[in-house]
Amino acid sequence: MKLRDAPSACPSLWRSLPCPPAELRLDLVLSSGQTFRWWESSPGAWTGVLGERVWTLRQERDRLWYTVYGEGEDGSPPEGSKPDGAETDRILRDYFQLDVGLPALYRTWGAADPLFRKVAKDFPGVRVLRQDPVECLLSFICTSNNHISRITAMIERLCQAFGRRLCCLDARPVHAFPSLSALAGADTEAQLRALGFGYRAKFVSGSARAITEGLGAEGLRRLRTVPYAEARRVLCALPGVGTKVADCVCLMALDKAEAVPVDTHVWRIARQRYGAALGGRSLTPRTHQEIGDFFRELWGPRAGWAQAVLFCADLRKGQEPSGSRERTRGSQGRDRCGHDSP
């Protein structure tokens, strides 16, 4: 089926939500390493998978336009199965957390932090996504010692090998993220190694199996309702999940807006830009906690959101941590949680 890259293509298959650029910038949010399932399918149009559906999004002035592809030959939903507009509106609003007013938060953070104010004026509309916990967790297990373009390619191979095929756009097959059961098989680790996952294969398959045999996907989702420290403790008990990856999942999937993912780069920012005398010579769990507490005191209860803005700014300016093994252009240089171990 043919990709629809603008509302002028089949207007009846597009809907829109009010959403000014100060509230959301697709180009900044979808390329900053929070998620790895979206690509810029044409200038200004972003196509990806959300909720086992394939979407194309576009911003025009103060509207967020979107179209959802079906499994029919022409990409339109089969008769009688067209997605309900109110439902798809709700899915997008939830995913982008559009009920959170961003300009007011920027003003609050800027009033508390002159450095934030200076950087953020060039990066409006950066908000934290609310992702599916399973997809977010297994994706971020793949981020250690990695960079965005490579992670994106790995996740694509994962979906092609284990996920359900949703449709084919301009000859490009698009797959859903795999279910836990699809990744919990005895031979999954070997298959992932064959796909180039290296040592991460053991952690992806091991965590999928641990969740399947333990709290389950619904139990993982219910961590949204428990305190931040408890959610992080549960996540850190899973194979391949350390404090940093746990904080990424807490922030981007489990409604813990106070979670601040910390890597050596963030540690360096805290010391060099903010003059924070934190930790010793290595990034220990205690140092991680101290840095998170420092930024929570500075930025308040949505400290993780404020850090996402600075992280995006660093990616766009090409400021990678020293020692990065692979360097690519722009936002492809570093993963959302840095190059450190899980």
Side-chain angles (χ1 to χ4, degrees), residues 24 28-38 50 94-102 105-106 108-109 113 116 120 123 125-144 146 148 151 207 220-236 238 240-267 269-270 283 285 288-315 331 334-338 340 342:
L24 172 66
L28 297 180
V29 173
L30 296 181
S31 66
S32 62
Q34 291 191 50
T35 176
F36 308 100
R37 305 279 349 252
W38 296 88
L50 170 61
D94 180 73
Y95 183 64
F96 288 112
Q97 306 199 70
L98 294 179
D99 58 325
V100 178
L102 205 53
L105 286 175
Y106 269 55
T108 298
W109 297 326
D113 179 3
F116 179 92
F123 295 90
V126 177
R127 58 175 53 245
V128 171
L129 301 173
R130 189 178 196 237
Q131 301 180 57
D132 173 74
V134 169
E135 178 174 342
C136 187
L137 171 65
L138 297 180
S139 295
F140 275 96
I141 287 174
C142 299
T143 64
S144 63
N146 222 338
I148 291 175
I151 299 162
S207 279
L220 189 64
R221 185 177 296 271
R222 281 198 298 270
L223 293 180
R224 288 174 170 173
T225 65
V226 307
Y228 163 47
E230 172 67 8
R232 187 166 67 171
R233 184 191 65 77
V234 172
L235 292 173
C236 285
L238 295 170
V241 179
T243 307
K244 181 186 61 179
V245 168
D247 273 342
C248 286
V249 179
C250 282
L251 176 63
M252 295 175 235
L254 298 180
D255 299 341
K256 314 305 180 202
E258 71 269 39
V260 178
V262 175
D263 60 6
T264 54
H265 184 60
V266 173
W267 181 27
I269 287 174
L283 187 53
H288 190 124
Q289 184 67 40
E290 289 177 352
I291 294 170
D293 289 343
F294 171 82
F295 284 120
R296 281 185 280 275
E297 183 175 348
L298 177 64
W299 292 324
R302 289 193 179 272
W305 284 54
Q307 192 234 17
V309 178
L310 297 189
F311 188 93
C312 178
D314 268 6
L315 285 180
S331 64
R334 186 159 59 93
D335 70 87
R336 175 64 183 86
C337 290
D340 307 331

Value rounded to 0.5 Å, distance of [atom1] in [X] from [atom2] in [Y]:
X	Y	atom1	atom2	value
S144	D263	OG	CG	12.0 Å
L138	E135	CG	CD	9.0 Å
T143	I151	OG1	CD1	5.5 Å
L129	L50	CG	CG	9.0 Å
I269	D314	CD1	CG	4.5 Å
R37	S139	CZ	OG	8.0 Å

On the 0 to 90° scale, with breaks at 30° and 60°, tag the Y95-W38 ring pair as parallel, tilted or perpendicular.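 Y95 vs W38 ring planes: tilted.
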Are the side chains of [X] and [Y] in touch, meaning some heavy atoms are under 4.5 Å apart?
X	Y	answer
L251	W305	yes
R127	L98	yes
Q289	I291	no
D255	T225	no
V134	L137	no
P133	L223	no

I need the minimum non-hydrogen distance between [X] and [Y], along with the two atoms involved.
X	Y	answer
F116	A306	CE1-O, 3.7 Å
D94	R130	OD1-NH1, 2.7 Å
G125	Y106	N-OH, 3.6 Å
I141	G240	CG1-O, 4.3 Å
A246	L235	O-CD1, 3.6 Å
A259	P261	O-CD, 3.6 Å

Report the C-alpha separation of T108 and W299 in whole Å, then their side-chain angles, then the decisive distance to 0.1 Å, and conclude whether the side-chain contact (heavy atoms from CB on, under 4.5 Å) test is met. CA-CA 8 Å; T108 298; W299 292 324; over 6 Å; no
So, [X] side chain and [Y] main chain: donor-acceptor pair closer than 3.5 Å or not?
X	Y	value
S32	V29	yes
Q307	V260	no
Q34	M252	no
K256	V226	yes

Check step by step if side-chain contact (heavy atoms from CB on, under 4.5 Å) holds for L254 and Y228. CA-CA 9 Å; L254 298 180; Y228 163 47; over 6 Å; no
Residue pairs passing the salt bridge (charged side-chain N to carboxylate O under 4.0 Å, His left out) test where at least one lies in residues 223-235, sequence neighbours excluded: E230-R233, R232-D247
Salt bridge (charged side-chain N to carboxylate O under 4.0 Å, His left out) partners of residues 295-308, not counting sequence neighbours, each pair once: D293-R296
So, do F36 and F140 have ring centers that fall under 6.0 Å from each other?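 Yes, the ring of F36 comes within the 6.0 Å limit of the ring of F140, centre to centre.
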Run the side chain to side chain donor-acceptor pair (under 3.5 Å) test against D132 and tell me which residues pass, sequence neighbours left out. R221
Take V262 and T243 through the test side-chain contact (heavy atoms from CB on, under 4.5 Å) and record every step on the way to the result. CA-CA 8 Å; V262 175; T243 307; over 6 Å; no
For L315 and I148, run side-chain contact (heavy atoms from CB on, under 4.5 Å): C-alpha distance rounded to whole Å, both residues' side-chain angles, the deciding distance at 0.1 Å, then the answer. CA-CA 10 Å; L315 285 180; I148 291 175; 4.0 Å; yes
